[in-house]
Each structure stands twice: as structure tokens, then as C-alpha cells.
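Structure first, commentary second.
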Amino acid sequence: MRLFDSTNIPLLGKALDVYALRQKVTASNLANITTHGYKSQSVSFEEHLATASQVSAVKGATTNDKHIKVGGAAALVDVDPQVQDTARNNPPGYSEMSSGFNDVDVDMEMAELAKNQIRFKFGSRLLGDTFKGIQKAIRGTL
């Protein structure tokens, strides 16, 4: 067991990684807005995290790393984000030619960029506050 495994630091670090990937994907969508045939992409993570955090009624114990896990929640930090084509998640009536060249909708991408920026700032602030708390505990200045 590592020192910070029992804190929220690994999960906050994973969240910041996801937000950074989401920023990269959104920037790629915006950069390719005039590319004919480009398919917009998105990052799915929250759904996988929700699935991993569900606890089943049956839980098996493992005594070896090679054992198959039965029931129970997966380690939340082991959940990885997935980049996928946005076309699969488009609502009915969504225009396949939003930009005139492909399915990238600049308004939707800018809104996602703003939401992602707010989430990243909040996550980094929480992580910074966590480290400040640890620092205060070490110095004994709580």
C-alpha cells in the first residue's frame, strides 16, 4: 500500500488526466473544423467510473494477482477514459454537416471547452488544497 492510496489524491490526479485528454480532443475537433470528412471525437469517462463504482451483492476474495475478481468494485483509479467518435452519441436531428465540412459544431465544442476548463480548475484546486493540508499536518500548523 502506497502512502497516498487512502487519500483522494489518486482519483483527483486521474480526473485531471481525463480533463487534459478532453481538452486535447476538443482542441483537435476545433482544429479540424474545416477538414472534409473529419469525424468529431469525445472522451467518455464518467460512465465507466459509475460502472466501476457499483458494488455487487457477491464479492469474492482473491489471494493472488492472477485470480479473477468476482464482484465488488474495481479500483477507481484503474478506470481509463476512452476517446470515441461523437457521431454515436448525437441526438436525433443532429446535423452531420454542422460546420459545412464535417460534424464539428463550434458552439458545442466551445461550450465543452468552457465546462472542461472549469472542471480542471476545480480539480486542481482540490488537489492543491489536499497537498496544503498534508503540508500543514507535517509542519504541525493545523
Side-chain angles (χ1 to χ4, degrees), residues 1-139 142:
M1 181 176 190
R2 294 185 312 195
L3 180 62
F4 297 116
D5 282 352
S6 61
T7 66
N8 59 2
I9 291 172
L11 192 56
L12 285 172
K14 175 68 86 173
L16 292 180
D17 290 343
V18 171
Y19 299 146
L21 178 62
R22 201 167 270 155
Q23 182 84 6
K24 188 176 177 180
V25 167
T26 304
S28 175
N29 286 342
L30 288 171
N32 288 297
I33 197 162
T34 59
T35 304
H36 288 281
Y38 177 80
K39 299 288 184 193
S40 64
Q41 296 179 326
S42 63
V43 175
S44 64
F45 177 70
E46 287 80 5
E47 311 85 45
H48 305 295
L49 189 63
T51 303
S53 64
Q54 292 177 348
V55 178
S56 68
V58 178
K59 184 177 181 182
T62 57
T63 56
N64 188 321
D65 290 340
K66 295 179 182 177
H67 289 169
I68 297 173
K69 294 181 181 178
V70 177
L76 298 180
V77 294
D78 293 335
V79 178
D80 290 324
Q82 293 180 353
V83 177
Q84 61 188 14
D85 288 340
T86 305
R88 283 191 267 161
N89 299 329
N90 286 339
Y94 179 79
S95 174
E96 291 293 326
M97 297 291 284
S98 299
S99 68
F101 299 100
N102 52 44
D103 67 341
V104 177
D105 184 350
V106 68
D107 293 332
M108 195 170 79
E109 297 295 332
M110 295 304 286
E112 286 297 320
L113 210 57
K115 285 193 301 188
N116 193 51
Q117 184 179 10
I118 291 169
R119 289 175 181 152
F120 187 89
K121 281 186 176 180
F122 182 70
S124 63
R125 183 174 169 188
L126 284 177
L127 192 59
D129 288 347
T130 301
F131 280 117
K132 284 179 187 172
I134 292 170
Q135 192 176 32
K136 285 180 181 179
I138 291 171
R139 289 183 179 165
L142 285 176

Pair listing, salt bridge (Lys or Arg N to Asp or Glu O under 4.0 Å) test, anchored in residues 111-127, at least two apart:
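Salt bridge (Lys or Arg N to Asp or Glu O under 4.0 Å) check on residues 111-127 returns Glu112-Lys115.
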Find out whether [X] and [Y] are in side-chain contact, i.e. whether some heavy atom of one side chain is under 4.5 Å from a heavy atom of the other.
{"X": "Gln82", "Y": "Val43", "answer": "no"}
{"X": "Ile9", "Y": "Ile134", "answer": "yes"}
{"X": "Leu30", "Y": "Leu113", "answer": "yes"}
{"X": "Asp80", "Y": "Lys14", "answer": "yes"}
{"X": "Leu16", "Y": "Ser124", "answer": "yes"}

Next on the checklist: Applying the side-chain hydrogen bond (donor to acceptor under 3.5 Å, both in side chains) criterion to Ser40, which one of Asn102, Asp103, Asn29 satisfies it?
Outcome noted: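 Looking at Asn102, Asp103, Asn29, the match for Ser40 under the side-chain hydrogen bond (donor to acceptor under 3.5 Å, both in side chains) is Asp103.
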Please name the pair of heavy atoms, one in Leu21 and one in Pro81, separated by the smallest distance, quoted to 0.1 Å.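 That closest heavy-atom pairing would be CD2-CG, 3.8 Å.
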Going from [atom1] on [X] to [atom2] on [Y], what distance comes out if it is rounded to the nearest 0.5 angstrom?
{"X": "Ile138", "Y": "Phe131", "atom1": "CD1", "atom2": "CZ", "result": "10.0 Å"}
{"X": "Ser28", "Y": "Gln23", "atom1": "OG", "atom2": "CD", "result": "12.0 Å"}
{"X": "Phe120", "Y": "Leu127", "atom1": "CZ", "atom2": "CG", "result": "9.5 Å"}
{"X": "Asp129", "Y": "Asn8", "atom1": "CG", "atom2": "CG", "result": "10.0 Å"}

Quick one: side-chain hydrogen bond (donor to acceptor under 3.5 Å, both in side chains) partners of Thr35, sequence neighbours excluded?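 With neighbours one apart ignored, the set is Asn32.
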For Asp17, enumerate each residue passing the salt bridge (charged side-chain N to carboxylate O under 4.0 Å, His left out) test, keeping only those at least two apart in sequence or located in another chain.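 Checked Asp17 against salt bridge (charged side-chain N to carboxylate O under 4.0 Å, His left out); zero matches.
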